[in-house]
Number of protein chains: 2
Amino acid sequence: MLNKNVFLEKYFLMTRSEENYLKTIFHLGGGDSKSITTNAIAEQMETKPSSVTDMAKKLSEKGLVDYVRYQGISLTDAGVKTALSIIRKHRLWEVFLVEKLDFTWDEVHEVAEQLEHIKSEKLIDKIDELLDFPKYDPHGDPIPTKDGKFQERDEKLLSEMPINSKGICVGVKDSSVPFLKFLDKNKIALGNTITIMDKEDFDHSLRIRMEGKEMRISHQIASNLYVKKND
Amino acid sequence: MLNKNVFLEKYFLMTRSEENYLKTIFHLGGGDSKSITTNAIAEQMETKPSSVTDMAKKLSEKGLVDYVRYQGISLTDAGVKTALSIIRKHRLWEVFLVEKLDFTWDEVHEVAEQLEHIKSEKLIDKIDELLDFPKYDPHGDPIPTKDGKFQERDEKLLSEMPINSKGICVGVKDSSVPFLKFLDKNKIALGNTITIMDKEDFDHSLRIRMEGKEMRISHQIASNLYVKKND
DNA sequence: ATCTATTTTTAGTTTTGTCTAAATTTAATT
DNA sequence: AATTAAATTTAGACAAAACTAAAAATAGAT
Ligand SMILES: [Mn+2]
Ligand SMILES: [Mn+2]
Ligand SMILES: [Mn+2]
Ligand SMILES: [Mn+2]
C-alpha cells in the first residue's frame, strides 16, 4: 500500500503545470529527441525563461525530460508517453464538445485545455467509446491511440498543391479563433473538395473551385489549410 | 476591458481550493446563515483548523463568507450562489457519467470532484440539456437549477417510517463506496418500493418487503436510506 | 583569439495553500 | 471569580509555480 503510493506519486501524479510543459515541448518537436530551447518554450507558454529552467529541472528529476544546462530540453520515452496521453485527452474532449454538445470548432480549445487535465483513465476511454473511436479532432489533428500511436495522414498544405489538382480539406494548421471564424464565414469546411484552378504569381493567391463555387483565397489562407490528395 | 477584468477577477475567478471550502461550508449547513465552526470544516476537509482560518479570511475578503474571529463562518448570499453552482456541476456530471458513460454510482463521485471545477457556463448548460434537465443525481440528491433553486422532496429516512407503511427508495444519506456496493450486492436500488413489515425493538433492525422478496436490514442501513412516502 | 550580443541560469521574492507550534480566546467547571 | 480544557488564531515555515534582476555561458562576428 505504501509502496503503491510511492509508485503512483512518482510516475502518475503530474501537476497541471507539468502536464502543460510536456505538451508544449512535444508540440515544439521535442518528442523526436530534438533539443528544444528554453526561450522557445517560454515564448510558446507565455512565461519567462527562468520559469522554464526551474521546470526543466523538476521534469528531469522525474525522468520525463532530458535536460543538460544550456543545451536545451527533449522528452524521454516516458515524457513522450505522458505528453501523448494529454494530447489524446485534449482532442477527444474537443470531438465530444462538437459532436455531443454542439460546440463550434472555434469554441472547443479553451474548454479542452481544462478538461485534458482530468485524471481518470476510465473516463477518457468511455468518452472515446461514446464517440466511436474518432481518428481526428475537429481541426483535423490526429488523435493518438490509447497506447500512444499516432496515425499520420498523407496531407499537404493547399498552398503547395499544383494547378489543376484536387484535394479534400482535412485540417487547419492555424487553429486560432479568428482563422476558424473566417473559414466558417466563407463556407470553407473540413471534408470539402477543392480544385486548384489557378495561382497568381504576384501575391501567390489561389483561384479555387469548392462545392460548385469559384473563389479567390490569399496565400496566407492557403498555407494554413491541409488537404488530402484525391486524384 | 480593464474594468471587465477587475469584475471577473473579483467575482468569478475562484481557485479550486476556495470552491471546495464554499461547498463544504454549504454542506455543513452554513447556507442558512448558521455559523459553522473552524474545527467542523477542518475535520470535513481533512485539513488543519489553522488552514481553515486562513481561508476564512480570504473568502471574507472576497465577500463570500461572513467571518468574525472565534465566532465561526457562514456563507453570504454570494457565497451560497457560488456553492450551489459548484454543487450543480458536481451532480450534473455524476448523472452524465452514469447515464452516458455507464459508470456505477459508486464510481462517479471521485471524478465529479474534478469535473465540478471546470470553468465554462456553456459546457454545464449543454450537459444539462443533453441529460434532459435531470432533477436528481445518481444518489438521489437534488440538482440545483441554473438560478440556484433547490427542489426539495418530501422524503424520510427508512428507519423513521412506521410499520406497514410503504415508500419508494429515492436516495442515500451515506454515499460512501462501501455502502453503495453493499446496496448493489443486496439489490437495493433507487426506485424500488419498500414495505416495512416489522421492526425489532432489540437492535432496531427492520423486516422489509422489496420487489417481491422479504429481507432483514440493520438500523444502520435503514437510517441511511431516504424514501418518499407513498401511503 | 577576443569581444559582444544573446541565451540561459542563478539568486532572491511573491502568492497560494498548506503545515506545526505557540499564544490567545472562549466555554465549562469548580 | 478563578481555573482549566477546548477551540481558535497567530506566527513562522515550507513547497509549488511564477516573477525580476544579476550573473554566467554560449555563439557570432570581427
Ligand atoms: Mn485544441
Ligand atoms: Mn484541436
Ligand atoms: Mn458526489
Ligand atoms: Mn451525488
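Per chain, numbering begins at 1; letters A, B, ... match sequence-line order.
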Separation of [X] atom [atom1] from [N] atom [atom2], in whole Å?
X     : N      : atom1 : atom2 : value
A:K58 : C:dT9  : NZ    : P     : 15 Å
B:K62 : C:dT15 : NZ    : P     : 14 Å
B:M55 : D:dT10 : CE    : P     : 16 Å
B:M14 : C:dT16 : CE    : C1'   : 14 Å
B:E61 : C:dT15 : CD    : C1'   : 15 Å
A:K57 : C:dT8  : NZ    : P     : 14 Å
B:R69 : C:dT24 : CZ    : P     : 11 Å
A:D54 : D:dA17 : CG    : C1'   : 8 Å

Lys/Arg-Asp/Glu bridge criterion (N-O < 4.0 Å) met for [X], [Y]:
X      : Y      : answer
A:D125 : A:K146 : yes
A:R88  : A:E116 : no
B:K23  : B:E113 : yes
A:K34  : A:D32  : no

Closest nucleotide among [options] to the [X] side chain:
X     : options                : answer
A:S51 : D:dT10, D:dC19, C:dT10 : D:dC19
B:S50 : C:dT18, D:dA18, D:dT9  : D:dT9
B:Y70 : C:dT26, D:dA11, D:dC19 : C:dT26

**Item:** Nucleic acid contacts of residues 15-39 of chain B, taken as heavy-atom distances under 4.0 Å to DNA chain D
**Value:**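 Heavy-atom cutoff 4.0 Å gives B:T37, B:T38, B:N39.
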**Message:** Can you confirm whether A:K156 is buried at NZ, in the sense that more than 12 heavy atoms of other residues, nucleotides or ligands lie under 6.0 Å from that atom?
**Reply:** yes
**Prompt:** Should we say atom NZ of A:K181 is surrounded by more than 12 heavy atoms from elsewhere, each under 6.0 Å from it?
**Reply:**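 Count not over threshold, so no.
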**Request:** Report yes if at least one side-chain N or O of B:K48 is closer than 4.0 Å to OP1 or OP2 of D:dT9; otherwise report no.
**Result:**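 Answer is no, no contact under 4.0 Å.
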**A:Y67 side-chain N/O to C:dT8 phosphate OP1/OP2 under 4.0 Å** =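 Checking A:Y67 against C:dT8: no side-chain N or O falls below 4.0 Å of OP1 or OP2.
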**Message:** So does B:N224 get a backbone contact from the side chain of B:K173, meaning a donor-acceptor N/O pair under 3.5 Å?
**Reply:** no
